[in-house]
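Letters go in sequence order (proteins before strands), and every chain restarts at 1.
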Number of protein chains: 2
Amino acid sequence: MPVRIAIVDDKASNRSIIKDKLLRHAGFEICFTAENGKDFLEKMKDLSPEDYPSVVLMDLEMPEMDGVDAVAAGSYLYPSVKYVMLTIFDDEEKIFRAIKAGAFGYLLKEESAENIAGTLIQMNENGVGPISPGIAHKILQLVQNNTVSLVQKKTSEKEKTPFNLTEREQEILKLLIQGMLYKEIGHKLDISPNTAKKHVLNIYGKLHVNSKAQALALAYEKGLI
Amino acid sequence: MPVRIAIVDDKASNRSIIKDKLLRHAGFEICFTAENGKDFLEKMKDLSPEDYPSVVLMDLEMPEMDGVDAVAAGSYLYPSVKYVMLTIFDDEEKIFRAIKAGAFGYLLKEESAENIAGTLIQMNENGVGPISPGIAHKILQLVQNNTVSLVQKKTSEKEKTPFNLTEREQEILKLLIQGMLYKEIGHKLDISPNTAKKHVLNIYGKLHVNSKAQALALAYEKGLI
DNA sequence: AATGCGCTAATCCAAAGGGATTATGTGGAG
DNA sequence: CTCCACATAATCCCTTTGGATTAGCGCATT
């Protein structure tokens with residue numbers, strides 16, 4: 001059966017360009033088009049469930065109601081529908097908000113202009129949300145830049161020891177990070193400063209660094225503090 | 001110029017399969033291969049910077065040192081190198097940790113088996129990290145499932161000069177934080193190591209600390225990185 | 001009993017760091 | 001013009017590190 005598509009964009013020219021592209025391929029059926037988020041939701045309300053589109057291509061920037069809000073509402077009201085953002089913007093904030101709102105995919109127009117149909121077919125085959133490489137890269141950067149963080153760890157994760165540091169070594173790394181000297185560490189832990197030093201050097205080996213400063217930098221950067 | 005590639009995988013068969021695939025295309029040069037993270041880091045240590053690979057294809061599951069740790073250390077020690085995870089696993093936790101550790105791309109072996117070369121070429125052309133659709137989808141789900149949250153970075157407008165450090169001193173503090181020696185700082189800034197040292201000692205005075213480690217700790221704590 | 005690993009400890013040596021001080025050149029503020 | 005802050009540079013002296021090595025002890029696995 002054909003894939004039922006809805007197109008939401010405030011520019012008539014965009015709507016028709018996309019529509020034409022899709023109709024050149026068999027297997028697509030344009031369900032309806034809308035000019036903005038509000039228009040989309042109203043048109044959805046008039047449909048009976050069997051007439052719902054299975055995919056909505058949604059522009060982000062629109063008057064009346066933008067794509068983020070439309071997806072937020074739509075993914076709640078019609079959770080069976082897949083919402084794919086199709087926009088020229090790659091602003092991190094927008095990407096993040098759209099995804100949080102429930103977007104199933106996120107395509108940059110220029111990246112996929114020639115390939116919307118192919119992308120949608122692929123999506124329909126393997127159930128994986130389409131994401132432009134550029135967007136995926138942006139998301140990856142979001143994660144890397146610590147602008148994003150893992151909130152919950154699910155199961156009782158065995159909390160892997162970073163770099164195979166032993167407990168003692170982690171303990172000593174913590175003191176190292178506080179700027180303590182070997183002798184101070186030794187005194188603090190009631191061991192010889194020589195031993196403290198030995199541990200520290202062992203840590204260097206595991207971290208593949210060769211100075212306190214490098215160890216600290218690595219520890220901070222990788223968050224194994 | 002050819003793209004210099006290193007391959008890190010514990011299975012010799014995998015290494016040669018990947019190697020063969022790449023060598024069938026012009027424009028790739030296999031820099032070296034390694035059996036695990038430790039092996040990789042050791043081989044890197046023996047290279048001069050001009051011999052560094054520009055891309056490292058890294059398996060995730062390896063004995064001795066796994067891909068996450070290797071990338072964590074590698075992305076710190078050799079930040080110019082791009083690390084692409086190439087694995088059969090798509091566990092969310094692993095994806096997240098690998099990305100946090102500094103992975104530039106993340107490919108599923110089965111998805112890209114026929115297409116590693118193409119993916120790498122694309123990456124080299126547009127500077128965008130390669131990510132398998134399946135992985136991108138997983139990341140998107142991570143964001144959606146509230147397992148991840150946006151951490152608002154607060155950017156203070158006032159741009160306070162921390163601790164009355166001069167511009168030069170801040171510049172030097174940054175290098176200090178990267179774990180550089182006096183002589184390295186001196187070389188980097190084209191000044192005498194003695195001068196570098198003088199600056200560092202002046203910084204200590206202003207920060208009221210008396211060692212690199214303490215300075216770093218304070219710098220990180222106060223966020224004047 | 002033997003093996004392996006982690007924690008403890010020590011020693012020697014060379015390199016780097018920390019502290020104090022002195023000195024020169026420059027540019028801006030008074 | 002002079003004063004002062006800053007960047008530059010050097011020297012002396014002592015402490016701290018980093019690297020390599022050796023070794024005993026306890027504990028768990030085999």
Side-chain angles (χ1 to χ4, degrees), chain A residues 158-219 224, chain B residues 36 38 41-42 44-46 63-66 69 73 76-77 160-220 224:
Chain A
K158 62 177 181 220
E159 81 178 88
K160 164 189 181 187
T161 318
F163 289 93
N164 292 320
L165 295 184
T166 68
E167 279 190 29
R168 194 57 155 173
E169 285 164 352
Q170 290 183 69
E171 193 179 2
I172 284 175
L173 180 57
K174 281 193 189 110
L175 300 180
L176 206 59
I177 282 169
Q178 290 162 39
M180 292 175 80
L181 305 177
Y182 292 153
K183 67 170 63 165
E184 291 172 332
I185 294 174
H187 181 258
K188 172 98 175 181
L189 299 182
D190 269 319
I191 58 177
S192 155
N194 295 308
T195 303
K197 171 181 168 179
K198 185 69 178 76
H199 285 303
V200 170
L201 292 181
N202 286 339
I203 292 171
Y204 291 172
K206 291 187 179 177
L207 265 44
H208 293 271
V209 297
N210 44 23
S211 78
K212 282 192 186 182
Q214 285 182 1
L216 296 219
L218 184 58
L224 39 113
Chain B
N36 57 59
K38 194 149 171 269
L41 290 175
E42 276 160 10
M44 282 296 286
K45 210 179 332 190
D46 292 338
E64 289 275 348
M65 180 189 282
D66 70 16
D69 285 351
Y76 168 69
L77 294 170
K160 60 180 179 215
T161 316
F163 290 92
N164 292 320
L165 295 184
T166 68
E167 276 192 31
R168 193 56 155 173
E169 284 165 352
Q170 290 183 64
E171 193 180 359
I172 285 176
L173 179 57
K174 279 192 190 111
L175 300 180
L176 205 60
I177 283 169
Q178 287 162 41
M180 292 174 79
L181 306 177
Y182 291 151
K183 68 169 62 165
E184 290 172 334
I185 294 174
H187 182 258
K188 172 99 177 180
L189 300 183
D190 267 320
I191 57 177
S192 156
N194 295 310
T195 303
K197 171 179 168 180
K198 185 69 177 72
H199 285 303
V200 170
L201 293 179
N202 286 338
I203 292 171
Y204 290 173
K206 291 186 180 177
L207 300 190
H208 299 277
V209 298
N210 45 21
S211 80
K212 283 192 185 183
Q214 286 180 3
L216 297 218
L218 194 146
Y220 276 110
L224 40 116

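At whole-Å resolution of the value, CD in A:E167 and P in C:dG6 are 12 Å apart. Atom CD1 of B:I172 and atom P of D:dC6 are 14 Å apart (whole Å). Rounded to whole Å, atom P of C:dA9 lies 10 Å from atom CG of A:L189. In this entry the distance linking CD of A:E169 with P of C:dC5 reads 13 Å, nearest Å. Distance NE2 (A:H208) to P (D:dG18): 17 Å, rounded to an integer number of Å. Atom-to-atom, CG of B:N202 to P of C:dT21 comes out at 14 Å; the value is rounded to the nearest Å. With rounding to whole Å, A:L216 atom CG is found 13 Å from C:dG17 atom P. Rounded to whole angstrom, the span from the CG atom of A:N164 across to the C1' atom of C:dG6 amounts to 13 Å.
Of the residues near DNA chain D, B:R168 and A:S211, the one whose nearest nucleotide (by heavy atom distance) lies more toward the 5' end is B:R168. Take the nearest nucleotide of DNA chain C for A:K206 and for A:D190: the residue whose nucleotide is more 5' is A:K206.
In the model, B:N202 has a side-chain atom that pairs as donor or acceptor with a side-chain atom of B:K198 under 3.5 Å.
At the heavy-atom level, B:T195 lies under 4.0 Å from base atoms of the strands shown. Residue contacts for B:K197: at a heavy-atom cut-off of 4.0 Å it reaches a base atom on one of the strands shown. Base engagement by A:L201 is indicated by at least one non-hydrogen atom pair under 4.0 Å involving a base atom. As judged by a 4.0 angstrom heavy-atom cut-off over every strand, A:N210 is placed among residues touching the sugar-phosphate backbone only. At a threshold of 4.0 angstrom between heavy atoms, the contacts of B:L181 are confined to the sugar-phosphate backbone, with no base atom among them.
The two atoms that bring B:S211 and A:G179 nearest to each other are OG-O, 4.2 Å, heavy atoms only. Shown here for A:K212 and A:M180, the closest heavy-atom pair between the two residues is NZ-O, 3.1 Å. Closest approach of B:L175 and B:K188 over heavy atoms only: CD1-CG, 4.0 Å.
Between B:Y204 and the phosphate of C:dG18, there is a side-chain N or O to OP1/OP2 separation shorter than 4.0 Å. For B:K198 and D:dT8, the shortest distance from a side-chain N or O to OP1 or OP2 is not below 4.0 Å. Side-chain N/O atoms of B:Y182 include one lying less than 4.0 angstrom from OP1 or OP2 on C:dG18. Distances shorter than 4.0 Å separate none of the side-chain N or O atoms of B:K212 from OP1 or OP2 on C:dG18. The phosphate of D:dA10 has OP1 or OP2 within less than 4.0 Å of a side-chain N or O from B:N194. Here A:T166 does not reach the OP1 or OP2 of C:dC5: none of its side-chain N or O atoms lies under 4.0 Å away.
For the pair B:E171 and B:K174, the salt-bridge criterion is not met [side-chain N within less than 4.0 Å of a carboxylate O].
Between B:L77 and A:L218 there is no side-chain heavy-atom pair separated by less than 4.5 Å.
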